[in-house]
Amino acid sequence: MSALEEVRREVRAARRVLVLTGAGMSAESGVPTFRGAQTGLWQRLDPRDLATPDAWEHDRERVWAWYLWRAALVRAVEPNAGHHALAALAEAKPVDVVTQNVDDLHERAGSRVTAHLHGSLFSYRCDTCGRPAPSPDLPAAPVERLAPPLCGCGEGWVRPGVVWFEEALPLDEWRAAEDAVLTLQRGDVVLVVGTSGVVYPAAGLPAMARSTGALVVEVNPQPTDVTDVCHLAVRASAAEALPALVD
Ligand code: NAD
């Protein structure tokens with residue numbers, strides 16, 4: 001029996017399904033992965049040099065322009081067949097979606113997201129007082145630099161509501177993710193979709209899930225740092241594999 005067939009049967013029989021998603025989940029919608037190619041204005045910049053508190057400190061106009069471009073890019077694309085398959089599965093049984101993605105494609109496909117571990121491209125807050133800020137207008141075309149608005153407190157700038165490298169995860173999101181993982185039981189299925197498994201603490205969730213007795217399955221065209229933690233691997237893309245798995 002192929003891995004795909006075996007996982008399809010396990011998903012059908014499962015009481016609950018937990019889905020851990022990373023950037024590969026949205027790749028076929030046209031959202032570049034972190035380690036995939038950057039395009040246009042940004043092609044010579046490593047995202048890891050833009051998504052840090054240090055980058056914000058030293059060149060916040062460049063960071064702000066990059067995030068508004070990414071938000072505009074996500075606004076212009078659609079959920080793919082993988083996102084839709086997960087939303088459809090939730091009509092048949094309980095499904096928790098825990099994502100590292102900062103896009104809103106799971107929600108736009110109709111899924112309720114249990115935890116956005118790395119925040120959202122569509123929430124904004126003051127970098128000093130932390131007060132939520134309204135969403136800015138998104139530029140029609142990418143620009144290299146844009147000044148972020150000043151917060152009403154007069155002390156800080158409005159920043160993207162995402163988690164940067166070196167920052168802690170939002171505690172309530174992490175607790176929701178941990179709770180979804182630690183309440184798994186034998187017979188439940190965990191799908192680890194489109195993540196390279198290198199960004200912690202999110203990358204520790206598949207091992208935590210395995211320790212509950214649930215079946216852990218990787219869905220990724222490539223092997224990753226969490227492959228060895230998974231019982232099975234389906235070597236196909238999210239938009240190909242997920243509709244077949246939840247059929
Ligand atoms: P990553 O870029 O490190 O890894 C992407 C993984 O997806 C790789 O293992 C790759 O083989 C796989 N992949 C590529 N295309 C795929 C497809 N069509 N179907 C299934 N898998 C595919 O991404 P990551 O592990 O999520 O981690 C890095 C960080 O990137 C996270 O912090 C996340 O917040 C951020 N990020 C988010 C988005 C988004 O919101 N869409 C986009 C880029 C980066």
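Counting starts at 1 for both ligands and their atoms, in listed order. Here the structure is a predicted model, which is why all the values come from computation and not from measurement.
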J.: With respect to atom 38 (C) of ligand 1, which of E28, R70, H118 exhibits the smallest heavy-atom separation?
T.: R70

J.: Who pairs with R12 by salt bridge (Lys or Arg N to Asp or Glu O under 4.0 Å), at least two apart in sequence or on another chain?
T.: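 Per chain and number, R12 pairs via salt bridge (Lys or Arg N to Asp or Glu O under 4.0 Å) with no residue.
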
J.: Could you say whether the N/O atoms of S237 and ligand 1 ever approach to under 3.5 Å?
T.: no

J.: Indicate, with yes or no, if L182 and W174 share a hydrophobic cluster defined by side-chain heavy-atom contacts under 4.5 Å among Ile, Leu, Val, Met, Phe, Trp and Tyr.
T.: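 Shared cluster, yes.
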
J.: In terms of side-chain heavy atoms, does E218 have a donor or acceptor partner in T227 at a distance below 3.5 Å?
T.: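 There is such a pair between these side chains.
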
J.: Which of the numbered atoms in ligand 1 are below 4.0 angstrom from a heavy atom of G194?
T.: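 What qualifies from ligand 1 is 5 (C), 6 (C), 7 (O), 20 (C), 21 (N).
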
J.: Which is closest to atom 22 (C) of ligand 1 in terms of heavy atoms, G24, S196, A239?
T.: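 Among G24, S196, A239, the closest heavy atom to atom 22 (C) of ligand 1 comes from G24.
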
J.: Please name all residues satisfying side-chain contact (heavy atoms from CB on, under 4.5 Å) with L150, sequence neighbours left out, ordered by chain then number.
T.: W157

J.: Please identify which atoms of ligand 1 are closer than 4.0 Å to at least one heavy atom of Q100.
T.: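 Ligand 1 atoms under the 4.0 Å threshold to Q100: 27 (O), 31 (C), 33 (C), 34 (O).
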
J.: Could you tell me which atoms of ligand 1, counted from 1 in the order shown, lie closer than 4.0 angstrom to a heavy atom of S26?
T.: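 Near S26, the atoms of ligand 1 are 41 (N).
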
J.: Going by the angle between their ring planes, with limits at 30° and 60°, are H106 and H83 parallel, tilted or perpendicular?
T.: perpendicular

J.: In terms of atom number and element, which parts of ligand 1 are under 4.0 angstrom from non-hydrogen atoms of V31?
T.: 41 (N)

J.: So is V193 in contact with ligand 1, going by heavy-atom distances below 4.0 Å?
T.: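 V193 does not count as a contact of ligand 1 under the 4.0 Å cut-off.
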
J.: Distance under 4.0 Å to a non-hydrogen atom of A238: what atoms of ligand 1 satisfy this?
T.: 17 (C), 19 (N), 20 (C)

J.: Report yes or no: do E10 and H231 form a side-chain donor-acceptor pair below 3.5 Å?
T.: no

J.: Mark up the atoms of ligand 1 that fall under 4.0 Å of a heavy atom belonging to P221, in ascending order.
T.: 20 (C), 21 (N), 22 (C)

J.: Using a strict 4.0 Å cut-off to heavy atoms of T224, name the atoms of ligand 1 that fall inside it.
T.: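 Heavy-atom distances to T224 below 4.0 Å select 9 (O).
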
J.: When hydrophobic residues are tied together by side-chain contacts of less than 4.5 Å, even through go-betweens, does W69 share a cluster with Y124?
T.: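 Same cluster.
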
J.: At under 4.0 Å between heavy atoms, is it the side chain or the backbone of V102 that contacts ligand 1, or both, or neither?
T.: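 It is both backbone and side chain that touch ligand 1.
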
J.: Could you point out which residue of D103, T99, T21, N80 forms a side-chain hydrogen bond (donor to acceptor under 3.5 Å, both in side chains) with S26?
T.: D103

J.: Would you mind running through ligand 1 and noting each atom that sits below 4.0 Å from a heavy atom of P32?
T.: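 Listed by number with element: 42 (C), 43 (C).
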
J.: Should P148 and W56 count as side-chain neighbours, where that means a heavy-atom distance under 4.5 Å?
T.: yes

J.: In this structure, are over 12 heavy atoms from other groups packed under 6.0 Å from R15 atom CZ?
T.: yes

J.: Answer yes or no: does an N/O atom from Q222 fall short of 3.5 Å to an N/O atom of ligand 1?
T.: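 The answer is no, given that Q222 and ligand 1 share no N or O pair closer than 3.5 Å.
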
J.: Would you say ligand 1 has an N or O under 3.5 Å from any N or O of V199?
T.: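 No; the residue has no nitrogen or oxygen that sits under 3.5 Å from a nitrogen or oxygen of the ligand.
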
